[in-house]
Amino acid sequence: MADNNNKPISSTCEEKSHEPNDELNIDSLTIDESKKKTNRVLDETKDSEIKTVTSGDTLYSTALKFEDLNLSEDLLKGLYVEMEFSHPSKIQSISLPMILTPPYKHLIAQAHNGSGKTTCFVLGMLSRVDPKLKAPQALCICPTRELAIQNLEVLMKMGKYTGITSYSAIPLYKTHDLQIAKRPPITDQVVIGTPGTIKKLMSFKKLSTREMKILVFDEADNMLAEDGFKADSWRIIKDIERSSVYCQVLLFSATFNETVKDFVSRVVTDGNQLFVKKEELSLDVVKQYKVNCPDELAKIQVIKDKIFELAENLGQTIIFVNSRKSAIELHKALEGDGWECSTIHGSLSDDQRYQIVKQFKSGRTKILISTDLLARGFDQSQVTMVVNYDLPVKWDTPRGPDYEVYLHRCGRAGRFGRRGAVFNLLCTDREHMLMQKFEEHFENHVVEISDWKSDDDFNAALKAAGLL
DNA sequence: AAAAAAG
């Protein structure tokens with residue numbers, strides 16, 4: 001679990017209890033340390049505190065073993081053989097009983113980056129679906145195509161022996177309305193995709209919501225945000241509400257904000273909740289640094305001399321920028337000097353995007369420049385370094401720090417408790433000010449690399465991060 | 001004046 005902190009959790013979101021809520025004391029439920037086996041890569045020796053608020057009077061136990069969850073043999077085989085899991089991770093052990101126990105309450109679950117949120121809701125979908133019923137019964141909505149594809153891959157792997165089929169609701173090729181109209185209705189049990197395509201399939205009556213049992217919002221805060229996909233999400237959920245008897249809603253993300261709480265109080269009332277403190281969210285497994293750069297040229301020089309030269313063989317790196325233009329310009333500047341890296345952003349073609357991600361996931365590309373397209377959810381365990389070439393800012397004026405995006409970007413490194421380093425390249429006064437805000441907000445000190453030219457300083461930083 | 005999805 002991506003967490004090293006044992007601070008107790010303060011009250012989170014207690015104000016929106018619509019009915020008497022029973023708070024579970026997680027301490028009394030935690031697994032006996034001596035009986036706990038080490039998961040494949042997950043380091044759970046220092047468990048985080050997870051705050052749970054349950055609704056109604058259903059009692060939930062934690063699942064110490066997958067066998068405790070009444071899963072089908074086929075699904076268990078997928079977990080052990082394909083996924084190579086030995087036992088549920090912490091978030092899984094708490095959330096899965098909540099997802100799988102009647103009356104199948106809604107769930108809002110916050111968990112660390114790289115702690116296995118995806119496996120939670122994928123397992124939830126696979127086990128709630130009836131393989132014999134040839135109709136869509138589970139729907140998962142994601143903010144990007146890349147994330148939808150990634151989730152589908154996990155689903156197919158985990159569900160390999162179940163016979164459950166899935167449908168990818170993303171615009172992979174040029175889909176004209178005429179072509180959609182001519183297609184038969186979807187009979188696959190699980191549908192994963194992006195809002196536009198899902199809406200379209202629904203309006204063409206190709207995606208029936210009549211048998212829908214479970215609806216998942218991945219990166220839920222983004223899916224429900226005003227400047228995100230709020231309108232689409234609301235329409236989809238209303239459509240489902242109208243046609244199906246009862247559909248369980250799962251909201252998963254590492255970050256949650258006020259918009260989600262509004263949604264929760266109006267739509268997903270009467271649900272269970274899991275929360276962790278913001279200070280505990282992933283920012284202590286990856287080591288953060290700020291690099292003082294006198295000007296923009298120095299930033300590029302740091303990428304060339306330090307990131308490429310010193311760190312290229314330490315794993316993979318994602319360099320985040322704030323705009324497509326910035327991505328293209330940085331790529332040109334590096335390419336002009338013969339440095340090889342790839343770049344991804346939303347104005348590339350579907351196929352280009354797909355190929356670039358595929359190449360990076362195969363490990364053939366070491367360094368990838370990206371917009372916030374890949375800020376959330378992108379899971380590549382070899383990513384050891386994240387570079388914020390630009391710091392993430394909110395688009396409204398005055399442009400303030402975007403804490404959520406900062407956290408999500410950092411979460412691309414240090415997957416499943418692995419080591420990682422984040423380098424924030426700072427040049428202007430505004431950037432220094434923003435950085436200070438990030439430090440204050442997450443209550444952690446970010447070490448400064450004052451001499452951007454010093455190899456020794458960078459080597460020391462990489463060593464401190466556990467990468468050398 | 002932005003990223004994302006789509007039209």
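For clarity, every value in this text was computed on a predicted model and none was experimentally measured. To find a chain, count down the sequence lines: A is the first, B the second, and so on, and within it residues start at 1. Hydrogens, waters and symmetry mates are skipped; everything else that's a heavy atom, side chains included, is used.
Residue A:Arg145 places at least one side-chain N or O closer than 4.0 Å to OP1 or OP2 of B:dA5. Taking only side-chain nitrogens and oxygens, A:Thr144 never comes nearer than 4.0 Å to OP1 or OP2 of B:dA5. Distances shorter than 4.0 Å separate none of the side-chain N or O atoms of A:Thr194 from OP1 or OP2 on B:dA4. Here A:Arg324 reaches the OP1 or OP2 of B:dA4: one of its side-chain N or O atoms lies under 4.0 Å away.
The cationic group of A:Lys299 lies under 6.0 Å from the six-membered ring centre of A:Tyr389 and within 45° of the ring axis, placing it in a cation-pi geometry.
Partners of A:Lys366 under the salt bridge (Lys or Arg N to Asp or Glu O under 4.0 Å) rule, at least two apart in sequence or in another chain, do not exist in this structure. When the ring pair (Phe, Tyr, Trp, His ring centres under 6.0 Å) test is applied to A:Trp339, the partners found at least two apart in sequence or on another chain are A:Phe308. Partners of A:Arg376 by side-chain hydrogen bond (donor to acceptor under 3.5 Å, both in side chains), not counting sequence neighbours, listed by chain and number: A:Glu219, A:Asp221, A:His408. Every residue two or more places apart in sequence or in another chain that forms a side-chain contact (heavy atoms from CB on, under 4.5 Å) with A:Ser342 is listed here: A:Ile356, A:Thr365, A:Leu368.
The side chain of A:Arg399 has B:dA1 as its nearest neighbour among B:dA3, B:dA1, B:dA6.
Note on residues 206-244 of chain A: pairs passing ring pair (Phe, Tyr, Trp, His ring centres under 6.0 Å), not counting sequence neighbours, are A:Trp234-A:Phe263.
As a whole-Å value, the separation of A:Leu374 CG from B:dA4 C1' is 11 Å. Whole-Å rounding puts the A:Arg353 CZ to B:dA3 C1' distance at 10 Å. A:Asp390 places its CG atom 18 Å from the P atom of B:dA1, with the value rounded to the nearest Å.
Of the residues in residues 420-432 of chain A, not one places a heavy atom less than 4.0 Å from an atom of DNA chain B.
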